[in-house]
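One structure is given below, encoded as C-alpha coordinates.
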Amino acid sequence: MKEYSSLALHISKVIRTSIAADQGNSLDDREVQLLEHVTSQHIQNNRVLMEDGISLRHLGSRYTLRKSIKVLIDLDYLRIAPTQDSRQRALAPSERTLNLYETIGKSISHILAVK
(Lines give C-alpha, C1' and ligand atoms only; values in the text may rest on other atoms or scores of the structure.)
Protein backbone atom coordinates (compact mmCIF):
# COMPACT_ATOMS: atom_id res chain seq x y z
CA MET A 1 0.00 0.00 0.00
CA LYS A 2 2.88 2.35 0.78
CA GLU A 3 4.24 1.86 -2.74
CA TYR A 4 0.90 2.88 -4.34
CA SER A 5 0.64 5.96 -2.11
CA SER A 6 4.15 6.98 -3.05
CA LEU A 7 3.39 6.47 -6.74
CA ALA A 8 0.17 8.52 -6.51
CA LEU A 9 1.97 11.35 -4.73
CA HIS A 10 4.77 11.34 -7.28
CA ILE A 11 2.32 11.47 -10.20
CA SER A 12 0.29 14.19 -8.49
CA LYS A 13 3.43 16.28 -8.08
CA VAL A 14 4.34 15.83 -11.76
CA ILE A 15 0.91 17.01 -12.85
CA ARG A 16 0.86 19.98 -10.49
CA THR A 17 4.40 21.14 -11.25
CA SER A 18 3.96 20.67 -15.03
CA ILE A 19 0.84 22.83 -15.09
CA ALA A 20 2.39 25.44 -12.79
CA ALA A 21 5.56 25.60 -14.89
CA ASP A 22 3.58 26.03 -18.09
CA GLN A 23 1.33 28.82 -16.94
CA GLY A 24 3.32 30.51 -14.18
CA ASN A 25 0.74 29.87 -11.44
CA SER A 26 -1.89 32.06 -13.09
CA LEU A 27 -4.63 29.37 -13.23
CA ASP A 28 -6.78 28.57 -10.23
CA ASP A 29 -8.19 25.12 -9.44
CA ARG A 30 -11.52 25.88 -11.15
CA GLU A 31 -9.77 26.83 -14.38
CA VAL A 32 -7.61 23.70 -14.29
CA GLN A 33 -10.70 21.52 -13.74
CA LEU A 34 -12.52 23.24 -16.58
CA LEU A 35 -9.50 22.76 -18.84
CA GLU A 36 -9.32 19.07 -17.88
CA HIS A 37 -13.02 18.62 -18.67
CA VAL A 38 -12.82 20.25 -22.11
CA THR A 39 -9.61 18.38 -22.97
CA SER A 40 -10.92 14.98 -21.86
CA GLN A 41 -14.12 15.47 -23.86
CA HIS A 42 -12.07 16.56 -26.89
CA ILE A 43 -9.87 13.45 -26.64
CA GLN A 44 -13.04 11.31 -26.59
CA ASN A 45 -14.27 13.16 -29.71
CA ASN A 46 -17.10 14.85 -27.78
CA ARG A 47 -17.87 18.50 -28.32
CA VAL A 48 -18.21 20.87 -25.38
CA LEU A 49 -20.28 23.93 -26.10
CA MET A 50 -19.69 27.15 -24.20
CA GLU A 51 -23.12 26.67 -22.64
CA ASP A 52 -22.13 23.14 -21.50
CA GLY A 53 -19.02 24.51 -19.85
CA ILE A 54 -21.06 27.08 -18.03
CA SER A 55 -23.45 24.36 -16.84
CA LEU A 56 -20.71 22.74 -14.71
CA ARG A 57 -22.35 24.14 -11.59
CA HIS A 58 -20.14 22.23 -9.18
CA LEU A 59 -17.28 24.48 -10.30
CA GLY A 60 -19.09 27.76 -9.69
CA SER A 61 -21.80 30.11 -10.85
CA ARG A 62 -22.47 30.86 -14.51
CA TYR A 63 -20.66 34.18 -14.19
CA THR A 64 -17.62 32.59 -12.52
CA LEU A 65 -17.44 29.87 -15.17
CA ARG A 66 -17.80 32.38 -18.01
CA LYS A 67 -14.95 34.36 -16.45
CA SER A 68 -12.81 31.20 -16.13
CA ILE A 69 -13.47 30.28 -19.77
CA LYS A 70 -12.42 33.79 -20.82
CA VAL A 71 -9.19 33.48 -18.81
CA LEU A 72 -8.42 30.13 -20.47
CA ILE A 73 -9.08 31.59 -23.92
CA ASP A 74 -7.00 34.70 -23.20
CA LEU A 75 -4.07 32.54 -21.98
CA ASP A 76 -4.32 30.36 -25.12
CA TYR A 77 -5.42 27.18 -23.33
CA LEU A 78 -8.86 27.06 -24.96
CA ARG A 79 -10.19 28.23 -28.26
CA ILE A 80 -13.65 28.58 -29.71
CA ALA A 81 -13.95 26.08 -32.54
CA PRO A 82 -16.11 26.85 -35.57
CA THR A 83 -19.51 25.17 -35.75
CA GLN A 84 -22.21 25.00 -38.41
CA ASP A 85 -24.63 26.81 -36.09
CA SER A 86 -23.35 30.30 -35.25
CA ARG A 87 -25.39 30.28 -32.03
CA GLN A 88 -23.29 27.43 -30.67
CA ARG A 89 -19.77 28.15 -29.48
CA ALA A 90 -17.74 24.96 -29.18
CA LEU A 91 -14.82 24.99 -26.77
CA ALA A 92 -11.70 23.08 -27.76
CA PRO A 93 -8.25 22.77 -26.22
CA SER A 94 -5.56 24.76 -27.97
CA GLU A 95 -2.34 23.26 -29.28
CA ARG A 96 -0.65 24.54 -26.12
CA THR A 97 -3.04 22.50 -23.95
CA LEU A 98 -2.66 19.35 -26.02
CA ASN A 99 1.14 19.67 -25.83
CA LEU A 100 0.98 20.25 -22.06
CA TYR A 101 -1.06 17.09 -21.43
CA GLU A 102 1.14 15.13 -23.83
CA THR A 103 4.18 16.19 -21.78
CA ILE A 104 2.44 15.25 -18.53
CA GLY A 105 1.48 11.86 -20.00
CA LYS A 106 5.06 11.17 -21.03
CA SER A 107 6.31 12.10 -17.55
CA ILE A 108 3.80 9.77 -15.91
CA SER A 109 4.70 6.99 -18.36
CA HIS A 110 8.34 7.44 -17.41
CA ILE A 111 7.50 7.29 -13.68
CA LEU A 112 5.51 4.08 -14.17
CA ALA A 113 8.31 2.51 -16.22
CA VAL A 114 10.84 3.24 -13.44
CA LYS A 115 8.60 1.86 -10.67
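Sequential numbering from 1 along the given sequence is applied to the chain's residues.
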| said: Checking Arg30 now: which residues fulfil salt bridge (charged side-chain N to carboxylate O under 4.0 Å, His left out) with it, not counting sequence neighbours? | reply: Asp28
| query | Who passes side chain to side chain donor-acceptor pair (under 3.5 Å) against Ser40, sequence neighbours left out? | reply | none
| said: Using side chain to side chain contact (heavy atoms under 4.5 Å, CB included), reason through His42 and Val48 one step at a time and then give a plain yes or no. | reply: CA-CA 8 Å; His42 175 79; Val48 175; over 6 Å; no
| Ile69 CD1 to Ile80 CD1 distance, which is reported to the nearest 0.5 Å | 8.5 Å
| task | Could you list the residues that satisfy side chain to side chain donor-acceptor pair (under 3.5 Å) with Asn45, not counting sequence neighbours? | result | none
| request: Please lay out, stage by stage, how Glu36 and Tyr101 fare under the test side chain to side chain contact (heavy atoms under 4.5 Å, CB included). | output: CA-CA 9 Å; Glu36 288 171 352; Tyr101 283 109; 3.2 Å; yes
| query | Looking at residues at least two apart in the chain, or sitting in another chain, which of them share a side chain to side chain contact (heavy atoms under 4.5 Å, CB included) with Ile11? | reply | Leu7, Ile15, Ile108, Ile111, Leu112
| field | Any donor-acceptor N/O pair, Ser18 side chain to Val14 backbone, under 3.5 Å | value | yes
| task | Decide yes or no for Tyr77 and Leu100: does some side-chain heavy atom of the first lie under 4.5 Å from some side-chain heavy atom of the second? | result | yes
| request: Return the minimal non-hydrogen interatomic distance between Pro93 and Leu98, and the atom names on each side. | output: CG-CD2, 3.8 Å
| task | For Ser94, enumerate each residue passing the side chain to side chain contact (heavy atoms under 4.5 Å, CB included) test, keeping only those at least two apart in sequence or located in another chain. | result | Asp76, Arg96, Thr97
| request: Report the distance from atom CG of Leu65 to atom CD of Gln33, rounding to the nearest 0.5 Å. | output: 10.0 Å
| query | Leu35 versus Leu78: any side-chain heavy-atom pair under 4.5 Å? | reply | yes
| said: Tell me every residue that passes side chain to side chain donor-acceptor pair (under 3.5 Å) with Asn46, counting only those two or more places apart in sequence or in another chain. | reply: Gln41
| request: Please identify each residue that fulfils side chain to side chain contact (heavy atoms under 4.5 Å, CB included) with Asn99, with sequence neighbours left out. | output: Glu95
| request: Could I get the full list of side chain to side chain donor-acceptor pair (under 3.5 Å) partners for Lys70, not counting sequence neighbours? | output: Asp74
| Rounded to the nearest 0.5 Å, what separation is found between the CG atom of Leu34 and the CG atom of Asp29? | 12.5 Å
